[in-house]
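Down below is the structure, laid out as structure tokens.
On a predicted model such as this, the values are computed, not experimentally measured, just so you know.
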Amino acid sequence: MSDAGGIQRIPMAKAINLGLRRSMERDNKVLLMGEDIGKLGGVFRVTDGLQKDFGTTRVVDTPLAESGIVGTAIGLALAGYRPVCEIQFDGFIFPAYDQITTQLAKLHYRSRGALELPVVIRVPFGGGIGAVEHHSESPEALFAHTAGLRVVSPANPADAFTMIQQAIASPDPVLFLEPKARYWDKAEVDVTAGDQALDLGGIGGLHTARVVRPGTDVTIAAYGPTVATAMAAAGVAEQEGHSVEVLDLRSISPIDFDTIADSVRRTGRLVVAHEAPVFFGAGAEIAARISERCFYSLEAPVLRVGGFHAPYPVANIEEDYLPNLDRVLHAVDAVLAH
């Protein structure tokens, strides 16, 4: 459904599709690679229609070989292309881990800046869809720990549309984590936004956190699928008389610590929420940095809410594993009790 001015109310999957289309129209060196992304349009139909419109040489159905997909993309990038790889599910990325962490992430440094690797790796990630084993992982900390990679995750359709284009325009490799449980959440997107509005020349905009709900009592920082959970928690907390500020981090590497610190200096309290295990997760790095930077502003310890240090469970108990509304609210109550 469209308005004047190019505003469409569309789901995140469609927003990413349109962002890919815009990038392919803008630059004929952009090409897509992945399993079943062509005629089928991908498992989640994110690439639906793109092979029909751009052809089989720019939307390539690959064999089931993740290491080969990324290795080929590295070679294409060195030859001047801007490949966008799709890893069908998060748990399938590990066969490509060697290529990503030992080659893709390091070639720019190893060549003393002479080589650029503008490769985007799209990964549907996170839980909440009742999937089988290896289909609901949150591996972001493994890649954020690897220098040389940018790691980002949109939380809404408008950001998905813009951020995928910014990622493709980046001279550096980008791991683009798409919250699969949010693929069909709809929101308004300006699909006619021009290049200047998309800030394609300023990749720093890809890594800027955003205040999505202002508040005064406590900050919840989240990214990807957990932003919606944080917003729901803030709504319930408001009914209980508490003002909660919600930050959408948007980027896991680098992290916009300045925006987090500014928020914490206003509220004095911080809860970090993500689906990945809390143990050695992104929240641990945020908690440590903010404790250093905002020591005299904090009224309570920084608390983390996330998955448990255990393999992702079978579908019928995944709700007990994911950081749900009650667990986030419990952490909010705990920091407010100090």
Q: List in chain and number order the residues that pass salt bridge (charged side-chain N to carboxylate O under 4.0 Å, His left out) with R304, two or more places apart in sequence or in another chain; answer none if no residue qualifies.
A: none

Please answer whether the main-chain N or O of [Y] pairs with a side-chain N or O of [X] as donor and acceptor at a distance below 3.5 Å.
X    : Y    : answer
H338 : L336 : no
H108 : L115 : yes
R45  : G42  : yes
H274 : G283 : yes
R250 : T208 : yes
E178 : S153 : no
D217 : S243 : yes
R22  : V191 : yes

Q) Which is it for I74 and V70 under the side-chain contact (heavy atoms from CB on, under 4.5 Å) test, yes or no, and what are the steps along the way? A) CA-CA 6 Å; I74 291 170; V70 176; 4.3 Å; yes

Between [atom1] of [X] and [atom2] of [Y], what distance do you get to the nearest 0.5 Å?
X    : Y    : atom1 : atom2 : result
C294 : R265 : SG    : CZ    : 4.5 Å
I290 : E285 : CD1   : CD    : 10.0 Å
T229 : M231 : OG1   : CE    : 11.0 Å
S23  : I168 : OG    : CD1   : 3.5 Å
F257 : R293 : CZ    : CZ    : 8.0 Å
D27  : E25  : CG    : CD    : 12.0 Å

What's the shortest heavy-atom distance between [X] and [Y], and which atoms?
X    : Y    : answer
R269 : V335 : NE-O, 2.9 Å
P139 : F94  : CB-CZ, 4.0 Å
V328 : A233 : CG1-CB, 3.7 Å
P118 : S170 : CB-O, 3.5 Å
P173 : G148 : CG-O, 3.4 Å
H134 : F89  : O-CB, 4.2 Å

Are [X] and [Y] packed together at the side-chain level, in the sense that at least one heavy-atom pair is separated by less than 4.5 angstrom?
X    : Y    : result
Y183 : V46  : yes
L177 : I252 : yes
L104 : I121 : yes
I93  : I100 : yes
V305 : V272 : no
L18  : V189 : no
E66  : E35  : yes
V314 : E318 : no

Q.
Is there a salt bridge (Lys or Arg N to Asp or Glu O under 4.0 Å) between D172 and R150? Walk through the geometry before answering.
A. CA-CA 7 Å; D172 302 315; R150 300 176 184 270; 2.7 Å; yes

Q) Can you list the other members of the hydrophobic cluster that holds L325, where links are side-chain heavy atoms under 4.5 angstrom apart? A) V236, L329

Q: Hydrophobic side-chain clustering at under 4.5 Å (ILVMFWY, transitive links): who's grouped with V278? Put none if nobody.
A: none

Q: Show the numbers, then the answer: is there a salt bridge (Lys or Arg N to Asp or Glu O under 4.0 Å) between K180 and D90?
A: CA-CA 10 Å; K180 66 172 85 75; D90 35 36; 2.6 Å; yes

Q | Heavy atoms of other groups near E319 CD, more than 12 under 6.0 Å | A | no

Q. Hey, is NZ on K186 packed in by over 12 heavy atoms from elsewhere, all under 6.0 Å?
A. no

Do [X] and [Y] share a hydrophobic cluster, counting only Ile, Leu, Val, Met, Phe, Trp and Tyr and linking them when any side-chain heavy atoms are less than 4.5 Å apart?
X    : Y    : value
V123 : V120 : yes
L270 : V212 : no
V264 : V332 : no
I129 : L40  : no
L149 : L249 : yes

**Q.** Pair L50-D48, side-chain contact (heavy atoms from CB on, under 4.5 Å): steps then yes or no
**A.** CA-CA 6 Å; L50 296 179; D48 188 41; over 6 Å; no

Looking only at side-chain N and O atoms, does [Y] offer a donor or acceptor that is under 3.5 Å from a partner on [X]?
X    : Y    : answer
T267 : T219 : yes
E140 : Y223 : yes
T162 : D159 : no
E245 : S263 : yes
Y312 : E137 : no
Q51  : R58  : no

Q: Can you sort out the partners of D53 under side chain to side chain donor-acceptor pair (under 3.5 Å), two or more places apart, ordered by chain and number?
A: R21

Q) Considering residues at least two apart in sequence or located in another chain, which fulfil the side chain to side chain donor-acceptor pair (under 3.5 Å) criterion with T102? A) D98

Q | For V174, the option from V84, V151, I164, V152 that meets side chain to side chain contact (heavy atoms under 4.5 Å, CB included) | A | V152

Q) Under the side-chain hydrogen bond (donor to acceptor under 3.5 Å, both in side chains) rule, what pairs show up with a residue in residues 67-86, not counting sequence neighbours? A) E86-R122

Q: Carefully, step by step, assess R110 and Q103 under the rule side-chain contact (heavy atoms from CB on, under 4.5 Å).
A: CA-CA 9 Å; R110 194 180 298 149; Q103 302 298 331; 3.4 Å; yes

Q: Could you check whether the rings of F279 and H309 sit parallel, tilted or perpendicular, using 30° and 60° as the cut-offs?
A: tilted

Q: For side-chain contact (heavy atoms from CB on, under 4.5 Å), just list the numbers for F161 and K14, CA-CA rounded to whole Å, side-chain angles, deciding distance to a tenth of an Å, and then say yes or no.
A: CA-CA 9 Å; F161 174 71; K14 182 63 174 179; over 6 Å; no

